[in-house]
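Below: one structure, written as structure tokens.
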Protein chains: 2
Amino acid sequence: MAKTRAGARDRAASALDTLHFALDRNSPVPLYYQLAQQLEAAIEHGALAPGNLLGNEIDLSTRLGLSRPTVRQAIQSLVDKGLLVRRRGVGTQVVHSQVKRPLELSSLYDDLEAAGQGPTTRVVRNETVPAAADVAAALGLAQGAEVTLLERLRSTHGQPVALLCNYLPAGLLELDTARLEATGLYRMMRAAGITLHSARQTVGARSATAEEAARLDEKEGAALLTMQRTAYDDTGRAVEYGTHIYRASRYAFDFQLLVRT
Amino acid sequence: MAKTRAGARDRAASALDTLHFALDRNSPVPLYYQLAQQLEAAIEHGALAPGNLLGNEIDLSTRLGLSRPTVRQAIQSLVDKGLLVRRRGVGTQVVHSQVKRPLELSSLYDDLEAAGQGPTTRVVRNETVPAAADVAAALGLAQGAEVTLLERLRSTHGQPVALLCNYLPAGLLELDTARLEATGLYRMMRAAGITLHSARQTVGARSATAEEAARLDEKEGAALLTMQRTAYDDTGRAVEYGTHIYRASRYAFDFQLLVRT
DNA sequence: AAGTGGTCTAGACCACCCG
DNA sequence: GGGTGGTCTAGACCACTTA
């Protein structure tokens with residue numbers, strides 16, 4: 001009974017039929033990326049509801065004037081983000097709610113996005129010191145080599161949340177204290193041309209020592225979250241090592257993970 | 001000065017030249033996947049050392065008798081895994097050590113791989129109960145709906161490490177206690193045809209209550225790691241909610257993350 | 001049997017990096 | 001300017017799901 005425009009095959013209606021996408025072939029932005037962004041936006045604001053089928057890739061590609069591989073590339077990027085699910089013989093569906101907005105790995109995300117309105121960061125120490133054994137091992141340097149020591153106190157709403165202690169190979173980066181407090185460490189590294197590639201983190205817990213308690217406004221023996229991280233750039237060079245402590249009463253790591261199949 | 005076989009262009013030697021790959025076109029395993037596996041193995045055992053260039057994709061594809069997109073698909077999968085880095089105008093390199101063996105997100109990994117030699121798991125409770133408010137909210141059920149409550153004590157070397165408390169929608173799965181102890185929860189879910197898609201985790205810390213301390217062989221007030229997780233299948237349905245506590249003195253979450261560019 | 005995604009091919013042109 | 005990866009096309013056949 002469905003009325004379809006001439007030449008269109010009779011098929012189940014797809015929510016995509018009513019959407020139109022604006023693809024600019026003169027843009028430097030790749031076509032697959034333009035499509036992916038617009039699909040993501042449509043999912044984001046509900047034009048494509050959870051469970052909706054996207055309609056088959058062939059139709060979609062002819063309607064958009066793209067080749068199928070290009071459309072597939074766009075869809076695949078959203079599958080990788082966890083927004084879509086493909087089933088052979090069935091179709092491609094918008095994933096059922098919940099998952100959206102895959103909060104990035106916190107802590108790193110936190111650092112990357114620092115300098116938002118909420119949290120403020122005060123640089124307590126910013127100096128060059130010889131590397132202790134653990135620092136040297138983590139950064140792949142000789143013991144005693146010069147490293148930049150960075151100690152920062154992060155607060156929200158005027159209350160301390162975390163004490164961040166970072167080590168970087170000396171000379172890797174110009175670490176201006178004022179810019180650090182305004183911009184965040186990772187953004188400065190990115191601006192300096194360092195492309196982060198991977199990081200390794202260990203999250204644990206222990207009781208606060210008297211000194212830690214005093215600095216974080218906690219009681220001695222209070223539970224603290226601890227995190228150690230070594231970050232590498234895309235050449236495999238260790239560019240940062242950090243040992244951080246968080247007030248467990250005011251902070252938790254919250255993250256989403258996708259199960260690779 | 002380099003002697004090359006007839007017809008080969010004169011170019012920088014690639015470590016790949018001396019390797020040969022066995023591709024079986026009759027195998028049900030996709031060609032790109034066969035190639036990816038063999039490349040990964042070569043990196044793994046050092047035939048391709050960190051920093052080595054892979055040589056350009058065109059040569060590689062002709063040498064292997066594959067099309068360039070197929071070779072690209074293989075390489076891309078290893079880039080996604082963090083084993084290779086591509087640079088336009090330069091080439092594709094093996095990432096400099098360190099990173100290898102991207103330990104999966106622990107905890108989930110831990111559960112997935114449970115039933116290894118080390119850890120043993122004892123099921124303490126396995127029964128059907130009405131869902132409390134927080135459990136109902138996490139699983140997307142009505143309050144009071146029937147859920148399966150699973151309580152397990154995990155130990156290594158005869159020492160308790162964690163107390164795991166899981167809730168699943170009733171009837172989702174046959175949860176035989178003996179199999180649970182031998183196989184692990186996630187493996188049983190997979191065997192039952194449930195394909196995990198994503199999970200959301202929160203990791204925090206707090207001090208042990210007297211009861212928790214007694215069950216985990218800790219002192220009251222000792223620091224504990226806490227983890228809550230909700231897992232979803234690929235239809236977006238919540239299939240598991242868990243609140244877990246770990247002895248901080250014997251356990252830490254250790255994971256690696258790749259920075260998406 | 002029909003429809004879907006999964007894989008694969010053989011080309012093409014462009015943007016970027018380097019010497 | 002020469003080499004690299006990045007993008008894109010227009011087909012093809014296969015495997016799986018559903019009815």
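Residue numbering restarts at 1 for every chain, and letters A, B, ... go by the order of the sequence lines.
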Quick one: Gln93(A) CD to dT18(D) C1', roughly how many Å, whole number?
14 Å

Going by atom type alone, with no hydrogens or angles, which donor-acceptor pairs under 3.5 Å involve a side-chain atom of residues 139-150 of chain B and a protein atom two or more places apart or on another chain?
none

To the nearest Å, give me how far apart CG (Leu60(A)) and C1' (dG5(C)) are.
13 Å

Nearest whole angstrom, please: distance from the C1' of dC8(C) to the CG of Leu64(B).
14 Å

Checking Arg229(B) against Gln201(B): is there a side-chain donor and acceptor pair closer than 3.5 Å?
yes

Which is it for Glu181(B) and Arg152(B) under the salt bridge (Lys or Arg N to Asp or Glu O under 4.0 Å) test, yes or no, and what are the steps along the way?
CA-CA 9 Å; Glu181(B) 295 189 339; Arg152(B) 293 172 295 168; over 6 Å; no

Output the rounded distance in Å from CG (Asn56(A)) to C1' (dT18(D)).
15 Å

Rounded to whole Å, please give me the gap between CD1 in Ile58(B) and P in dT4(D).
9 Å

Those residues at least two apart in sequence (or on a different chain) that pass side-chain contact (heavy atoms from CB on, under 4.5 Å) with Val79(B) are Ile75(B), Gln76(B), Leu84(B), Arg86(B)

Does dT7(C) have its OP1 or OP2 closer than 4.0 Å to a side-chain nitrogen or oxygen of Tyr32(B)?
yes

Length of the line joining Gln76(A):CD and dT7(D):C1', which is rounded to integer Å
16 Å

Considering residues at least two apart in sequence or located in another chain, which fulfil the side-chain contact (heavy atoms from CB on, under 4.5 Å) criterion with Thr62(B)?
none

Please name all residues satisfying side-chain contact (heavy atoms from CB on, under 4.5 Å) with Arg68(B), sequence neighbours left out, ordered by chain then number.
Glu57(B), Ile58(B), Ser61(B), Arg72(B)

Side-chain N or O of Thr92(B) versus OP1/OP2 of dG5(D): is the shortest distance under 4.0 Å?
yes

Asn26(B) atom CG is separated from dT7(C) atom P, nearest whole Å, by 17 Å

Which pairs, with at least one residue in residues 29-39 of chain A and sequence neighbours excluded, count as a side chain to side chain donor-acceptor pair (under 3.5 Å)?
none

Quick one: what's the B/S/- string for nucleotides 9-19 of chain C, heavy-atom cutoff under 4.0 Å, read 5' to 3'?
BB-B--BBS--

Between dT7(C), dG5(C), dT7(D), spot the one nearest the side chain of Pro30(B), thanks.
dT7(C)

Euclidean distance, atom CG of residue Leu54(A) to atom P of dT4(C) [Å, nearest integer]
12 Å

